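Since we're looking at a predicted model, the values are computed, not measured.
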Amino acid sequence: MDIDETNKINLLYNFYHSLLTTKQDKYMDLYYVEDFSLSEIAEQLGVSRQAVLDNIHRSVASLERFEEDLHLVDRTQEIDDIASQLNNVVRSKYSSDKELLKLVRRISKINEM
């Protein structure tokens, strides 16, 4: 698995982990957050390495279905892009408007403008 795929799964996990079953959440946390190997997870949970792999694959498929249905990751990324563009416009055209600068800072999570 490449880094982009791992980052995508981590992002999906951050958004949707609470929608997974307790068991799925445990497997995903150990594998993607704690960076345990499949063998380490199998040993800790008393299951086979194949069971761990199967559970992780099913959990990733669930996360991807959640995103297909809810689009929270896509929408958040779009909002971040728009906020960045808005920040650029406000800084270049309305730099003296302190109230507007303050609002843009809040929506774009920018500490300094």
Side-chain angles (χ1 to χ4, degrees):
M1 183 179 303
D2 64 12
I3 296 219
D4 288 338
E5 183 69 14
T6 299
N7 287 339
K8 174 189 162 197
I9 293 169
N10 277 317
L11 188 58
L12 291 172
Y13 180 71
N14 286 339
F15 272 84
Y16 300 116
H17 72 91
S18 62
L19 299 177
L20 295 172
T21 66
T22 303
K23 181 179 174 182
Q24 289 174 318
D25 188 42
K26 181 69 172 174
Y27 281 74
M28 294 294 290
D29 181 66
L30 290 172
Y31 190 70
Y32 285 102
V33 178
E34 300 296 329
D35 200 28
F36 281 32
S37 70
L38 297 175
S39 298
E40 290 170 324
I41 297 169
E43 183 180 324
Q44 181 171 353
L45 299 179
V47 298
S48 70
R49 185 182 176 284
Q50 186 62 46
V52 173
L53 185 61
D54 290 345
N55 194 291
I56 288 173
H57 284 304
R58 282 193 305 276
S59 300
V60 168
S62 292
L63 294 172
E64 289 171 340
R65 279 193 308 278
F66 297 148
E67 177 60 14
E68 286 174 16
D69 292 343
L70 301 172
H71 306 285
L72 295 179
V73 173
D74 288 341
R75 289 179 181 151
T76 299
Q77 289 174 334
E78 182 179 8
I79 290 168
D80 288 346
D81 291 344
I82 292 168
S84 178
Q85 292 172 14
L86 179 61
N87 176 53
N88 291 336
V89 169
V90 169
R91 288 181 65 172
S92 67
K93 295 184 178 185
Y94 306 101
S95 60
S96 63
D97 188 332
K98 301 301 180 196
E99 185 177 354
L100 184 57
L101 288 168
K102 183 178 178 181
L103 291 171
V104 170
R105 189 177 311 121
R106 282 180 58 201
I107 198 167
S108 61
K109 304 174 195 156
I110 296 172
N111 294 326
E112 295 183 27
M113 289 183 37

Heavy-atom closest pair, residues R49 and L38
NH2-CD1, 3.4 Å
Heavy-atom count around E43 CD within 6.0 Å, excluding the residue itself: above 12?
no
Is there a path of hydrophobic side-chain contacts, each under 4.5 Å between heavy atoms, that joins F15 and I79?
no
Between atom CZ of R105 and atom CZ of R91, what is the distance when rounded to the nearest 0.5 Å?
10.0 Å
Taking the side chain as every heavy atom from C-beta outward, state whether I9 and Y31 have any atom pair closer than 4.5 Å.
no
Over all atoms of both residues, closest heavy-atom pair of L101 and V90
CD2-CG1, 3.5 Å
Quick one: pull up OH in Y94 and CG in L100 and give me the separation to the nearest 0.5 Å.
8.0 Å
Take Y27 and V47, measure what side chain to side chain contact (heavy atoms under 4.5 Å, CB included) needs, and give me the verdict at the end.
CA-CA 11 Å; Y27 281 74; V47 298; 3.6 Å; yes
Side chain N87, main chain A83, donor-acceptor under 3.5 Å:
no
Student check: side-chain heavy atoms of L30 and V52 closer than 4.5 Å:
no
Looking at E78, I want to see if its CD is surrounded by more than 12 non-hydrogen atoms of other residues, nucleotides or ligands under 6.0 Å.
no
Under 4.5 Å between any side-chain heavy atoms of I41 and N55, yes or no?
no
Nearest heavy-atom contact between L63 and H17 is CD2-N, 4.5 Å
Calculate, to the nearest 0.5 Å, the distance between atoms CZ and CG belonging to R58 and L20 respectively.
12.0 Å
Any side-chain heavy atom of Y13 within less than 4.5 Å of one from D25?
yes
Minimum heavy-atom separation for E64 and L12, please, with both atom names.
CG-CD1, 3.9 Å
Hydrogens and angles aside, do Q50 and D54 bring a side-chain donor and acceptor to less than 3.5 Å of each other?
yes
Rounded at 0.5 Å granularity, tell me how far CG in L103 sits from NZ in K98.
13.5 Å
CG-CD distance between L19 and Q24, expressed to the nearest 0.5 angstrom
10.5 Å
Nearest atoms (heavy-atom pairs only) where E67 meets D74:
OE2-N, 3.0 Å
Say whether, by atom type as modelled, one donor and one acceptor occur between the side chain of S95 and the main chain of S92 under 3.5 angstrom.
no
Is there a continuous path of hydrophobic side-chain contacts, each under 4.5 Å between heavy atoms, that joins I82 to V104?
no
From Y32 atom OH to N14 atom CG, the distance as rounded to the nearest 0.5 Å
12.5 Å
Please check if any side-chain donor atom of S84 sits under 3.5 Å from a side-chain acceptor atom of D80, or the reverse.
no
Quick check: does any side chain N or O of Y16 sit under 3.5 Å from a backbone N or O of L72, one acting as donor and the other as acceptor?
yes
